[in-house]
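By convention here, the first residue in the shown sequence is residue 1.
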Amino acid sequence: MSERGGHAVVLLAAGSSTRLGEPKQLLHRDGETLLHRAARIALETGPEVLVVVLGSDRSAYQAALQDLPYEMAINENAASGMVGSLQAAASHVAGHAQVLVLMSDQPALSTAHLQCLLEGARRSRSGCAATRLQGLAGVPAVVPGDWFNALPQGATNAGFRARLRALADDALLLLPAGGMELDIDTPQDLAHARALGLLDP
């Protein structure tokens, strides 16, 4: 299949927030849900398509996104983790040279960070760019669209992490996280984000 010129975005939002005890996608920053905020910021990069991957219990998330243009993909099996969500999105992003992958639970996410990743991926030898999290490649990240055709079978939460981290240092743009080390997995994360003013009380 020939590659399309523009980029696609995959927003992963199928997690069940088991450790947090409430849907982190529906937490608010400045009155906006984190899910809506991530989707809005992703759309500000001008993608050809935004694919939002949701889980089996999705009605509240669809309501949070009702004013935004997106395509929905479903990961019915939460236990499949990130790989299952990427597999669910694969058919939607086929043929795109660049795919920006991001999560919905990083309250410090910014349009500028995503634009830098996209520009860096265009210049990098591998066509990839990632966010430096604890010194290693993490999301948000930009990968070639054909990576979705070779997702590992049987893995759960690794996604593209191992493949990104296997790239030579000079083949990959690693962008400083700028606060995106903080994601919301536990009540402690939630309290910390609120103390920093990254989430509404």
Side-chain angles (χ1 to χ4, degrees), residues 6-15 17 20 23-54 61 64-71 82 85-86 89 93 96-124 126-144 159-161 164-165 172-186 188-201:
H7 70 280
V9 177
V10 173
L11 172 56
L12 304 175
S17 307
L20 184 62
K24 55 189 174 182
Q25 300 94 327
L26 301 181
L27 296 171
H28 287 78
R29 179 174 178 179
D30 300 326
E32 182 180 23
T33 66
L34 288 187
L35 177 58
H36 188 280
R37 184 175 186 275
R40 174 180 57 78
I41 287 172
L43 287 167
E44 288 171 358
T45 68
E48 289 188 343
V49 62
L50 165 64
V51 181
V52 180
V53 184
L54 300 175
Y61 307 131
L65 294 168
Q66 61 183 343
D67 64 320
L68 297 177
Y70 72 100
E71 294 181 8
M82 190 179 291
S85 289
L86 293 171
V93 299
H96 283 90
Q98 285 187 310
V99 182
L100 170 63
V101 179
L102 67 155
M103 309 286 283
S104 60
D105 67 341
Q106 292 173 306
L109 186 72
S110 70
T111 308
H113 186 89
L114 300 185
Q115 293 284 22
C116 286
L117 286 173
L118 288 162
E119 288 297 325
R122 292 186 190 105
R123 296 193 304 269
S124 74
S126 64
C128 298
T131 302
R132 185 187 297 275
L133 300 174
Q134 300 176 335
L136 298 170
V139 291
V142 178
V143 301
F160 296 127
R161 185 184 307 152
L164 283 167
R165 293 177 181 178
L172 168 72
L173 172 81
L174 270 182
L175 191 64
M180 272 179 291
E181 299 95 339
L182 177 60
D183 55 12
I184 312 300
D185 287 326
T186 66
Q188 292 76 21
D189 297 334
L190 178 56
H192 185 44
R194 284 177 168 157
L196 292 174
L198 291 172
L199 289 175
D200 296 349

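For H36, the side chain to side chain donor-acceptor pair (under 3.5 Å) partners two or more places apart in sequence, or in a different chain, are E32, D67. With sequence neighbours excluded, no residue forms a side chain to side chain donor-acceptor pair (under 3.5 Å) with S126. For S85, the side chain to side chain donor-acceptor pair (under 3.5 Å) partners at least two apart in sequence or on another chain are N75. Scored by the salt bridge (charged side-chain N to carboxylate O under 4.0 Å, His left out) test, D200 finds no partners at all (sequence neighbours excluded).
The closest donor-acceptor contact from the side chain of R29 to the backbone of L199 lies at 3.5 Å or more, if one exists at all. In this structure a side-chain-to-backbone donor-acceptor pair under 3.5 Å is present from Q106 to M180. In this structure, the side chain of R37 engages the main chain of L109 through a donor-acceptor pair within 3.5 Å.
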Practice problem: Given side chain to side chain contact (heavy atoms under 4.5 Å, CB included), test L20 with T186 step by step and report yes or no. | Solution: CA-CA 4 Å; L20 184 62; T186 66; 5.7 Å; no

* **Full working for side chain to side chain contact (heavy atoms under 4.5 Å, CB included) between L164 and L172** => CA-CA 8 Å; L164 283 167; L172 168 72; 4.1 Å; yes

Stepwise side chain to side chain contact (heavy atoms under 4.5 Å, CB included) check, T131 with V139: CA-CA 6 Å; T131 302; V139 291; over 6 Å; no

> Can L196 and L182 be said to form a side chain to side chain contact (heavy atoms under 4.5 Å, CB included), step by step?
Replying inline: CA-CA 10 Å; L196 292 174; L182 177 60; 4.1 Å; yes

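The nearest pair of heavy atoms linking I41 to S110 is CG2-C, 3.7 Å. Here the closest heavy-atom approach between residue A108 and residue G178 is recorded as CB-O, 4.3 Å. In terms of heavy-atom proximity, A64 sits nearest to L26 at CB-CD2, 4.1 Å. When all heavy atoms of G138 and A130 are compared, the pair lying nearest together is O-CB, 3.5 Å. Closest non-hydrogen pair, G127 versus P144, comes out as O-CD, 4.1 Å.
Taking 4.5 Å as the limit, some side-chain heavy atom of L102 sits within range of a side-chain heavy atom of V9. P69 has its side chain within reach of L43: a pair of non-hydrogen atoms, C-beta onward, lies under 4.5 Å apart. When side chains are defined from C-beta on, E71 does not count as touching L50, because their heavy atoms never get closer than 4.5 Å. L86 has its side chain within reach of V101: a pair of non-hydrogen atoms, C-beta onward, lies under 4.5 Å apart. In this structure, Q98 and L118 have side chains that are in contact, with non-hydrogen atoms separated by less than 4.5 Å. No side-chain heavy atom of V51 sits less than 4.5 Å from a side-chain heavy atom of Y70. Within the 4.5 Å cutoff, the side chain of Q25 has heavy atoms near those of the S17 side chain. A 4.5 Å side-chain heavy-atom check between S104 and L11 finds at least one atom pair inside the cut-off.
Atom CG of L35 sits about 11.0 Å away from atom CG of L27, to the nearest 0.5 Å. Between the CG atom in L174 and the CZ atom in R165 there is a gap of 9.5 Å [rounded to 0.5 Å]. One distance of note links CG of L198 with CG of L190; it measures 11.5 Å at 0.5 Å rounding.
Using modelled atom types, one finds a donor on one side chain and an acceptor on the other under 3.5 Å when comparing H96 with E48.
Residue pairs meeting the salt bridge (charged side-chain N to carboxylate O under 4.0 Å, His left out) criterion with at least one member in residues 98-110, sequence neighbours excluded, are K24-D105. Annotation: salt bridge (charged side-chain N to carboxylate O under 4.0 Å, His left out) contacts involving residues 110-119, sequence neighbours excluded, comprise E119-R122.
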